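Below: one structure, written as structure tokens.
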Amino acid sequence: MGVLEQFQHWLLGYWPSWAAYLVPAIVAFLVLSSFILLVVMAFIYIERRGVGRFQVRLGPNRAGPLGILQPVADAIKVLVKEDIIPSRGDRRIHWLAPIIAFMPALAIFAVIPFGPRAIFTDINIGILYIIAISSLGVIGVFMAGWASGNKYSLVSALRTVAQLISYEIPLMLSIAGVLIISGSLSMVSIVEAQSIPFILLQPLGFLIFFVAATAELNRTPFDLLEAESEIVAGYHTEYSGMKFSLFYLAEYTHAFAISAIVATLFLSGWKGPFLPPALWLMIKVFLVFIVLFWARSTLPRLRVDQLMGFAWKGLFPLALLNLFITAAEAIIWPGFPWQLLILNLLIAALLIVLWSGLFRVAGERVSFHRYGRGIAKGMALTFRHLFRRPITVQYPEQRLTPAPRFRGNLLVWDEERCNGCRACARACPVSIIDIETKKGDKGLIVETLEIDFGRCLFCGLCVEACPVAALFMSRDYEQASYFRESLVVKKEQFIAAEKRPSAYAYPDLEAEMPPQTLLAPPKEKG
Amino acid sequence: MAVGLEHFLILSAVLFSIGLYGALAKRNAVVILMCIEIMLNAVNIAMVAFSRYGHLLTGQVFAIFIMVVAAAEVVVGLALVIAIYRSRETVDVERIDLMKW
Amino acid sequence: MPEVALAIFLLPIFSFVVISLIIRPFLNKRPQLSWYVTIASIGASLILSLWMLVEVIKAPGHVLPMPDYQWLVIGDTSIHLGVMADSLAAVMLIVVTVVSLVVQIYSRGYMHGDPGYCRYFAFMSLFTGSMLGLVLADNLLFLFVFWELVGLCSYLLIGFWFHRPEAARAATKAFIVTRIGDFGFLAAILFLYAKTGTFDIGELQHLALVGAIGGTALTWAAIGIFSGAVGKSAQFPLHTWLPDAMEGPTPVSALIHAATMVAAGVFLVARLFPMIASSYEAIMTVAIIGGFTAIFAATMGMVMNDFKRILAYSTISQLGYMMLGLGVVGVGVARGAVALEVGLALGVAVGIFHLFNHAFFKALLFFGAGSASHATGTFDIREMGGLRKAMPWTFATFLIGSLSIVGIWPLAGFWGKEQILSQAWHYAPILFYLAMITVFMTAFYMFRLLFLAFGGEYRGGAHVSLRESPAVMIVPMVLLAILSVVSGWLPISEFLGGESHSFFGALASPMAWASLLLAALGILLAYAIYSKKWISAESMRRRFAPLYTIVSRKYWFDELYENVFVVRILVDGIFALFHWFDDHIVDGMVNGIAGGTIAAGREIRRLQTGQLQAYGLAIFIGILAIIAFFMIFG
Amino acid sequence: METGIAISFWILAAVMVASALAVVWLRDIFRAALFLVLCFFSVAGVFVILGADFLAAAQVLIYVGAIAVLIIFAIMLTRETQRGSPSGRFRFIAFLVGLLFLVTVTLVVVSTDWHAITEIPAEPTTSSLAQALFSGESGFVLPFEIAAVLLLAAIIGAIVLVRER
């Protein structure tokens, strides 16, 4: 009996039955929402910082200490944004879609056990309930894609739905192995059945479940629905403001839910020594989530045909085989002794290696030796990056030293040396250098010098053309403007500008330059 | 007012009749398939209601088989609709009568 | 040992199955295999046949008891299958297996490099197996099955080179003409079954001898059976197919159309001799047709120019002899001139003894023809000549064969012919004179052939270099030549229950001298005309021009059959009637029904709108109607 | 408990009938499909109050998760949204037939004496359902296998039908 039912029972003594049903539901919803909101914010923060570290950069670190308020800032920003509804879209469905997408993810938590007695409702078909409910999210995606009245959104929705349906099958089949061992659909009994965590008894099932769940979450390498280069931002291209934030929230809630399911099904849920059960579960959830974005920061995105081929030719038969093997084991060794761990590990390794050699994806034979090793090496590399110093810098405070021959914007002009020969203007292929001279005492004096950097190619021909070394490329890279006029730089500005010449075309300068700091940090050089 | 078997059966009948009307009156083949699904659901309600009020699980077993058949039916039906749409650019059943004579 | 007897004919059939199902589809690159398989199976059959001959000789009454098998039961009647292992079957087995084996050896050289090599040996195996089965059958139904099978093989092998239109036409002709005879045979079998309720040969003969069947019924049955024999043995008037059948490969002619299959007619009469001889009219018919065919075919043989056709007419003529032999003894038996038991055995002995000898020397003669044409590339004897020098072995063996067929003492042909002539002299003097003339004619046409083909100078094209045939063809010929000399000395006749003859005692009778004299006259005439050219063949032809025309056009029998029977009676008469019936009555009924259906459908199909929902509505209205019906009346 | 079930029933029934009517009524096919989802969902709710918990989950999984999604897919692939979902020429007679059918069945339901057992059956049905499906003597193993074969045949047939040549 879950927390919810206990609450109901307690209330039934005092209130009419309809209230006794309704009130716990509302309370549960509120408690759950706020808890999920908290966890999701933590997730977002951990993911952004973590992905930063995996990719040897800093990640958000400005809002609050260590950037810990970044999710809050994001939330506020997104909430105050204008809510745009496309005119060709379907207003009501557009409005409804994010809610439909969010609700199933929330509803999953009704059956996640946070402790031996800490579960909202222990229904006897818990895992079936989860599968059924999570298949509802598809409808929300569909609605969003349809209601946006946008081709890219629609294509994204279709892609997403195809992907979700395809990966749902190996997902369910891999769960079936767990169900055979535990002999129950109830989440609580599944946790209780795990004297050995099922990840050890079902290594292959775990792998399949994890991969399929990653695809269900639309996370890299399966994030086809937001393949920016192809279909803009996917089905939520036309969403902004509150509704977008709801989609965002749904995505992370779903990630949380899936992590919790993985932890419950395969990592023995809330079980663990010393610490309280709920804490154990959250530790496992975060571990699973870290692995999720570890993979995200390592692996490249799959193509559509590869995605489908992988699901149907790779995961689906493997999941079937896993189911058969587990069923056979259930008949031969009904007690599932610990010796099976070794056997199952061997079977899993063998099946993966053999099966990967058997099928083709997108006309190419999948070889474990090629892809498996590649994936392992990539994961190891990103894992090592986790412990490296980030090579990005705190930009306004710290600056990069560019390469000695870096061609920065704004030329450096040395008025004293210039003899007004106009060689630079003649050399410019786009004729943006406007120079006028008059006769002075010792030769020509430059009267006006105007260069339109809005059209500059940074070809450096003017610098090379200068016979008296009066013109240099600069090392600056920070100029930007909202107005074209301000990109036309005048003589006075050149004189006033800070003189940071680049060594481009001036090899004698190069020796004195400091070494570059972007990809070769001084530490490793020395 | 207590809810009994008759309530569920009449609900089932209402749902079935709505589905029947839709299946017979609509012109879009996909909508007809949708209405057929409604009819099947109505039957399922009756089955489960009998199972509940007869204390016999056979009704639920039947409902499971009906679901399986419904899934198979909708798969083949939609495949047919899409195949017809590809060749004839329409899913209007009043215009799909090529096989009449 | 009935299993062994079954193996005798099952082995070649097994060889056919192996060749056609395994070697030809899968091992076509090595066709020699089919030859080995054929030789092995027929060799085994030969050994088994010899063993069986020994067993039959040892057995009392020269009959081995053989169990029979129940084949099928239809209602109350059960049909038994069995093997008849008596002296007749044993002798025939030897004939068939020996000749077949020799022919297969010969074929290896003759058919070398033919694209249908495997097919050829498959058919040959099937034929041998069927022929052996025919010989062994103790039952008319069983016999008829094999009878038709050998007919089929004959058809397939005549048309072996089916890409040649003449071969295809000859095959069809052979098939259809023999089928006319077989129709009579089948009708007789069914008639007998309806009368007696059995197919068993022994039982039928017994019934005929005790008179349980007799009179007109027996006569018609016997004549029906004989008509089958007439067709198969190419007797007058169904003789036209055999000369044309020479379109097949020469070994086929030697085996099927000279030694074995055509002799099956004679064998059939011998097999059912007691029954046929019980009817005077029937056996008289046999004798007359035999005697007439003998001389009739011989006349045509005298003027033919095709090597194999001459031999074909000679075969017909010799088969007529055999029929004559059977017939005259039968006439004697029917008249009561000879004791029944003795006479029945004697008739079989007379006919089959000649058959036995004839098989060897006629196969030999055909081998000679094959060898000659192998060298010259033609069968036209006008384009041969001078082969004696180029092909000494062929010439020598062919000469032996010719002397044998002419009936020169002491070669094989002499003994059989001698018996037939003496029996004819006893019981049917008119036929005896015909036979004597035939002897003269035989000698003439055989030696005409010999002198034209082997004597003189080569008249063919210069481009052909004459060479003796390879050893694989010569050896079988020598083998057969030896048999052609000695086969008459074997006590086959006594074994079959006929009269014995002594080696020199035969010369004591004046009849032998008369026939020898006639033969010598024939040889002399041929020598005079075709070797020495004392008498010009051309002037002879002009002097007897009308006769020559009649004979060389084969008495217009082909034209008669083609123009009168086929075109006038069948095509213009009966078929036209059928055609009218088909056009008006049958088609009218069919078209009427179809038209009615279409007209009805045109009206009814308006119900079929093709609209899904109309059908759905109809279904539900129907359901409602049923519910309403039960509510109101239930 | 009883009142709770009654309230849920009436709410679910109202939603179900309304959404079914909307499916038939609406001209916008996509919205009709969404209402179909709602209808399926309320059917699942009815299953819950009928004590068929496994079936309720299966209903959501199969109808909402699979069939409705397929239908929406088909709607998108056939692109007939401009024309929408008009009524055909049989609408009046279809309406009559539907009404007559409803009346007939209602009459039958009302006039029949159902020997209904009103006490609540044992709740978790999953394992007893499995017993009923797979038990040796009275099981439905063969129909189950046939259903599996049917599904396989349907899948293969659908693939063959829509494959582009």
Side-chain angles (χ1 to χ4, degrees), chain A residues 8-9 12 16-22 89-90 92-93 96-97 100 103-104 107 111 121-143 145-147 149 151 153-155 157-162 164-165 168-169 172 179 183-186 189 312, chain D residues 1-8 10-11 26 28-38 40-41 44-45 47-49 51-77 79 81 122-130 151 155 159:
Chain A
Q8 265 172 21
H9 266 271
L12 271 172
S17 63
W18 61 270
Y21 274 100
L22 214 56
D90 187 323
R92 282 182 214 170
I93 296 177
L96 207 58
I100 301 283
M103 288 316 284
V111 294
T121 171
D122 177 21
I123 56 177
N124 68 319
I125 48 161
I127 191 71
L128 195 62
Y129 166 84
I130 287 174
I131 295 171
I133 285 291
S134 57
S135 65
L136 267 177
V138 176
I139 306 279
V141 174
F142 246 143
M143 288 164 75
W146 174 267
K151 269 182 210 147
S153 299
L154 195 55
V155 168
L158 283 172
R159 268 192 194 186
T160 310
V161 173
L164 294 189
I165 291 179
E168 209 160 86
I169 291 163
M172 288 190 222
L179 298 184
S184 170
L185 289 169
S186 153
S189 340
W312 288 107
Chain D
M1 204 68 193
E2 198 61 27
T3 4
I5 283 182
I7 293 170
S8 325
W10 288 113
I11 292 173
L26 286 176
D28 183 337
I29 318 176
F30 189 74
R31 286 193 178 187
L34 292 182
F35 275 108
L36 185 71
V37 172
L38 187 59
F40 288 159
F41 219 79
F47 286 170
V48 169
I49 61 176
D53 46 2
F54 180 83
L55 264 184
Q59 167 85 10
V60 174
L61 188 61
I62 294 173
Y63 277 101
V64 180
I67 292 179
V69 170
L70 267 184
I71 285 175
I72 294 176
F73 239 107
I75 289 170
M76 301 213 168
L77 287 176
R79 301 191 291 275
T81 42
E123 175 73 17
T125 55
T126 312
S127 57
S128 42
L129 205 53
L151 271 180
I155 290 167
I159 290 172

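This structure is a prediction, so every number in the text was calculated from the model and none was measured. Note on naming: letters A, B, ... go to the chains in the order of the sequence lines (proteins, then strands), and numbering restarts at 1 for each one.
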If you look at every heavy atom in A/Ser135 and D/Gly65, which pair is closest and at what distance?
OG-CA, 3.5 Å

With a 4.5 angstrom heavy-atom cut-off, is it the side chain or the backbone of D/Val37 that approaches chain A, or both, or neither?
side chain

I'd like to know which of A/Leu136, A/Leu96, A/Ile133, A/Val138 tops the heavy-atom pair count under 4.5 Å against chain D.
A/Leu136

Go through the atoms of A/Ile100 and report whether side chain, backbone, both or neither lie under 4.5 Å from a heavy atom of chain D.
neither

Show your reasoning for whether side chain to side chain contact (heavy atoms under 4.5 Å, CB included) applies to A/Ile139 and D/Ile72.
CA-CA 9 Å; A/Ile139 306 279; D/Ile72 294 176; 4.2 Å; yes

Atom pair CZ/CD1 of D/Phe73 and A/Ile165 - distance to nearest 0.5 Å
6.0 Å

Which value, rounded to the nearest 0.5 Å, describes the distance between A/Ile125 atom CD1 and D/Leu61 atom CG?
10.5 Å

Chain D contact via A/Met172 - side chain, backbone, both or neither, heavy atoms under 4.5 Å:
side chain

Measure distances from D/Leu34 to the heavy atoms of chain A and classify the residue's part below 4.5 Å as side chain, backbone, both or neither.
side chain

Is A/Ala162 close to chain D through its backbone or its side chain, or both, or neither, when contacts mean heavy atoms under 4.5 Å?
both

Locate the shortest heavy-atom distance separating A/Ala132 from D/Ala57; write the atom from each residue and the value.
CB-O, 3.5 Å

Could you label the plane-to-plane angle of the A/Trp146 and D/Phe30 rings as parallel, tilted or perpendicular, counting under 30° as parallel and over 60° as perpendicular?
parallel

Of A/Leu185, A/Leu128, A/Asn124, which is the lone residue that meets side chain to side chain contact (heavy atoms under 4.5 Å, CB included) with D/Asp53?
A/Asn124

